[in-house]
Amino acid sequence: MKTLRDAPIGSTVKVVRLHGEGAVKRRIMDMGITRGTEIYIRKVAPLGDPVEVTVRGYELSVRKNDAEMVEVE
């Protein structure tokens, strides 16, 4: 299983599935990260947290723990 956290910088990935429960999963979906959405990995902070991505035309910073819940291909 490849997650958003594992995706290399400069790549575009597609969301396959969201893991997590309740409020955490809802927060990720509210950010625009839903199944089938394409995400461009812009950059990653030196210690790996956060990950800066482009989703649906806007920039977004995602925490490492949240990025691990997004399965991509």
Could you give the distance from [atom1] ([X]) to [atom2] ([Y]), rounded to the nearest 0.5 Å?
X: Thr3; Y: Lys64; atom1: OG1; atom2: NZ; value: 11.5 Å
X: Arg5; Y: Met69; atom1: CZ; atom2: CE; value: 12.0 Å
X: Glu52; Y: Lys43; atom1: CD; atom2: NZ; value: 4.5 Å
X: Ile28; Y: Arg63; atom1: CD1; atom2: CZ; value: 9.0 Å

Pair Thr54-Leu60, side-chain contact (heavy atoms from CB on, under 4.5 Å): steps then yes or no | CA-CA 6 Å; Thr54 300; Leu60 178 68; over 6 Å; no
Please determine if Glu38 and Lys14 form a salt bridge, counting it only when a charged side-chain N lies under 4.0 Å from a carboxylate O.
->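 So Glu38 does not pair with Lys14 through a salt bridge.
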Glu59 and Arg42 ion-paired at < 4.0 Å | yes
Is it the case that one hydrophobic cluster holds both [X] and [Y], taking links as side-chain heavy atoms less than 4.5 Å apart, direct or via other members?
X: Val55; Y: Val24; answer: yes
X: Tyr58; Y: Met29; answer: yes
X: Ile9; Y: Val53; answer: yes
X: Val62; Y: Tyr40; answer: no

Are side-chain heavy atoms of [X] and [Y] found at a separation under 4.5 Å?
X: Thr12; Y: Ile39; result: no
X: Val15; Y: Leu4; result: no
X: Lys2; Y: Val72; result: yes
X: Val13; Y: Glu73; result: no

The side chain to side chain donor-acceptor pair (under 3.5 Å) partners of Thr37 (sequence neighbours excluded) come to Thr34, Arg56
With sequence neighbours excluded, residues passing side chain to side chain donor-acceptor pair (under 3.5 Å) with Arg17 | His19
Could you list the residues that satisfy salt bridge (charged side-chain N to carboxylate O under 4.0 Å, His left out) with Arg27, not counting sequence neighbours?
-> Asp66
